[in-house]
Amino acid sequence: MIGSFAIAWLGRLSWHAFPQAAVTRGAAVGIVLGALVVLTLLTYFHKWRWLWHEWLTTQDPKRIGVMYVIVAVAMLLRGGSDAVMMRLQQAVSVGSNNGPFSPDTFQQVFSAHGTIMIFFVAMGLMFGIINLVLPQQLGSRDVAFPFMNALSFWLFTSGMILINLSLVVGEFSAAGWLAYPPLSELKFSPGVGVDYWIWSLQIAGVGSLMSGINFLVTIVKNRCQGMTMMKMPMFAWSVFGSMILVAFAFPILTVTLTLLFLDRALGMHFFTAGAGGNAMMYVNLIWAWGHPEVYILVLPSFGIYSEIVATFSRKRLFGYTSMVWAIGAIVFLSFTVWLHHFFTMGAGADVNAVFGIATMLIAIPTGVKIFNWLFTMYRGRIRFTSPMVWFMGFVFLFITGGVTGVLMAVPAIDFQVHNSLFLVAHFHTMIISGVVFGFFAGLTYWLPKVLGFRLHEGLGKIAAWCWIIGFMLAFFPLYILGLMGATRRLDHYDASLGWQPLFIVAGIGAAVIVAGIVCQLLQLAVSIWQRNERRDLTGDPWNGRTLEWSVPSPTPFYVFTKLPVVTERDQFWADKQAGKKQGGYEDIILPKNSGVPIIIGGLSFLVGFGAIWHIWLLAIVGLLGIITALIVRSMNDEPEYVLTAKEVERLENARRRKLKEYAVYE
Amino acid sequence: MSEVTTLDLKRVEAEATDKTTFGFWVYLMTDCVLFASLFAVYAVLHGNTFGGPGGRELFKLPYVLVETIVLLTSSFTMGLAMLALQKRDKQAVVGWLLVTFVLGGVFLGMELSEFHAMVTEGNSWRRSGFLSSYFTLVGTHGLHITVGLIWMAVVGIFTLKKGLTDTVRKRLTLLSLFWHFLDVVWIFIFTVVYLLGSLNI
Amino acid sequence: MSAVVSEHDELHLSYGKYITGFLLSILSTVAAYLLVTRGTSTTHVTEILLACLAAVQFIVQLVFFLHVGEERKPRWRQLILLLMIFFAVVVVLGSVWIMYNLNYRMSPQQMNQYMQNQTNSGL
């Protein structure tokens, strides 16, 4: 009786679920205390109402973008501490010393590091920046579906909370960031760790898929009058490519995760060892999503670099059309190379050769892009601002990463370095320089538009240099170690191998990167402190080229007083050259706030939590709640309101008066 | 949007409908990829019967043919509802929706009883890799049908209560797209799973 | 953006089209069914014929029920449909090719046996 009661209400949950090891216990206490502090502060300062009306229920893409960036930065700190733990372990766990972490903890740490960095840092920063910039660049006020945009964000956050909850209740997956079966099957991973992994990715993944559809439709349907596809800013083009990949790759992830869960929960045999399962199919499927995912992340970053290089070279982007074709080629090719992640699984020479050659082909459009950026700089009047420092670091590192990538595209070489630290160094080079540097550069470039003031340049440059140098120290030794035979995910190795000095250098590199992160946080704090001196009064702090710089900083919630009309590629630049200014007032339709997205986010959290702990009642209640919430929402016939031209004019005049007050500080 | 405004509300509404229809179309395409992945899994695992029964022993083709014709007919009646919508004939819209709903319900019931029979004979999804992939592929389609039926009920009630307003018409259009799309997926299930699975291989 | 009219109102739905589509889809379904139950041709030929009939069905559904091809320029829906078909075909055929090649060289049965041995040996 009590037993069945417990199964219905608690599933697998019991007191044993709370952390036993000192490290995880510390992290759990930290998370709980942090949450309590935030909640107390909000209550103390009576900020709940403000938070709810201004942020939690907002459908304004600029605010949603800010929330994405905040979550992603918090997750960067979490994933970064995982990285530091790994570097520490590998630097000291030699010979008789077993290092600070047990093998099991270490496995959870590297699994969490990869998962968090890709899904909650890189994806979060990407969607954040797209939300902040894309609509304005297109001469639009909003995305195509504002409600769905908010819903995407809350699903992303719900997944984020789930993955961090695994520190407090239960455990995290110890099966690597892609959870290969049969290790991730119930037989070999009986705990809840893999289920946490599945459900946090599943919920965040559905959010990403909806974002993908949303931004795709935004680009197709929300461009302002006159902006043909070939007049779009390059960032918009790269987001277009990336979102096509999201739309067609993420369903594969959804399926793969579902099948793994069905194996674990319902006793199916997709990837099990025995009973007709085939673990190799999982590897095949997850990489059919996983490879496009790399390009999903890197394409928007390429777009950011394109904008930055053109602006700071004070020249129009070189080879616009070839850039577009390169993006198109990357989109197609990225779907035809996934086997290169498992050359060693045993396919024949014919299969390996086809995918190897397809992989090498990707270097061609990528090379085109690199040369276009260099030619844009050539004979430009370059300003070496901090975004440009990030860009230059990117060009150098990305080429090293690209060369090692083409090396590994040769199956015979891949057999040597597969699963070694050489591979780890390669993909970190691509992701950190290609994706992370790009997003940091983009944030430095566009934050004035969000905050209304510029960030501290000096600290920004120091941060960039710390990252670049720290990166080389941390990862170049890993290339060498990989060639010496060090495999990835080692929690211990023999002293006689002579690897320790290089691992220590890598650890120092990680410390330098941490210094870079500290500089970035300091940069933000100092800039907020000095915001009055740094205020951007013109709306165009960098002498920019695209439409987002034609509106004031911070961008008003209605963005444009009147939607712009476009006849040129770099319309704002052309207007400035001609001494023209677009303006006027019009009635504006804006979405009302809605509490439904955050409620659905909370309910999907319940579904995930219930499924992880086999508390099926909770999962069903959550699911029914989601359906009800959607039906209630669909009964709302007036989700929008009109802001009259008169009201816009009044707001604009108030803003101008305020600008005059600020101007005193200049 | 009741305030007096200079906006051309008809045009705004038309643009919104255009966006939603296109967005829904993109969603359907992503769903196609979802099914494509499931088909790939089925194609890889369909031979892994692990000593259990294969498709030839399990599938009753005449039964599945009836199922298929029921679903095809429901797609047709959904089209008739759309024709009624074009003529702004509310009664006919609701009537054809009801017929579609009943046909969809019959299809779902047939599928569930087919599943039930297999499970009671000891051939559940736990039996083999083949059966796991069969139940998941066909079941995912069934889940979509279920969602479609719930949606149809909700939109049907809206139509009755609010009449053929702009919003209701938009939702009916999307629903019809969804329903026809499920028909397309079923054709591939019928061919790949049932017909090819029953051949002498 | 150019003046947009509600997509659906723009389409000219007609009984004729729906009835033709319905009859064609029923016809090809029954034909495929008879091919399998009464068929005398070899398996290989039947497979190809079935694939052709499925393709016919697919096109019938797209044209007569989903109204593909009636869109005004720019034809974004058509473009996305074509992209989807490309990616879906790449994923399905690619997976099947890869997996059959892998199975041929290292059958899951052998691999499972190997893993069982590893487990039994205490690894």
Out of curiosity, [X] [atom1] to [Y] [atom2], how far, rounded to the nearest 0.5 Å?
| X | Y | atom1 | atom2 | result |
| --- | --- | --- | --- | --- |
| Met84(C) | Trp25(B) | CE | CH2 | 8.0 Å |
| Leu82(C) | Met29(B) | CG | CE | 10.0 Å |
| Leu66(C) | Asp183(B) | CG | CG | 9.0 Å |
| Leu65(B) | Leu34(C) | CG | CG | 8.0 Å |
| Gln57(C) | Thr68(B) | CD | OG1 | 9.0 Å |
| Phe22(C) | Thr73(B) | CZ | OG1 | 3.5 Å |

Proximity breakdown for [X] and chain B, heavy-atom pairs closer than 4.5 Å:
| X | answer |
| --- | --- |
| Phe87(C) | neither |
| Ile19(C) | both |
| Val56(C) | neither |
| Phe64(C) | neither |
| Thr29(C) | both |

Inset, instruction - Test side-chain contact (heavy atoms from CB on, under 4.5 Å) on Gln61(C) and Leu72(B) and set out the steps. - result: CA-CA 10 Å; Gln61(C) 295 275 336; Leu72(B) 286 174; 3.5 Å; yes

Between [X] and [Y], which heavy-atom pair has the shortest distance, and what is it?
| X | Y | value |
| --- | --- | --- |
| Ala54(C) | Ile187(B) | O-CG2, 4.3 Å |
| Ser75(B) | Phe65(C) | OG-CD1, 3.6 Å |
| Leu195(B) | Ala32(C) | CD1-CB, 3.6 Å |
| Ala36(B) | Val92(C) | O-CG2, 3.4 Å |
| Gly79(B) | Tyr18(C) | CA-CE2, 3.3 Å |

Inset, instruction - Go through Val26(B), Leu83(B), Val33(B) and name the one with the most non-hydrogen pairs under 4.5 angstrom from chain C. - result: Leu83(B)

Inset, instruction - Evaluate the criterion side-chain contact (heavy atoms from CB on, under 4.5 Å) for residue pair Leu50(C) and Leu199(B); output intermediate values, then yes/no. - result: CA-CA 11 Å; Leu50(C) 279 177; Leu199(B) 280 178; 4.1 Å; yes

Inset, instruction - Give a yes or no on this: more than 12 heavy atoms of other residues, nucleotides or ligands lie within 6.0 Å of atom NZ of Lys162(B). - result: yes

Legend entry - More than 12 heavy atoms from other groups under 6.0 Å of CD on Gln91(B): no

Inset, instruction - Give the ring-plane orientation class for Phe188(B) versus Phe58(C), where under 30° counts as parallel, over 60° as perpendicular and anything between as tilted. - result: perpendicular

Inset, instruction - Please state whether the side chain, the backbone, both or neither of Lys19(B) comes within less than 4.5 Å of a heavy atom of chain C. - result: neither

Legend entry - pair Tyr33(C)-Val64(B): side-chain heavy atoms closer than 4.5 Å: no

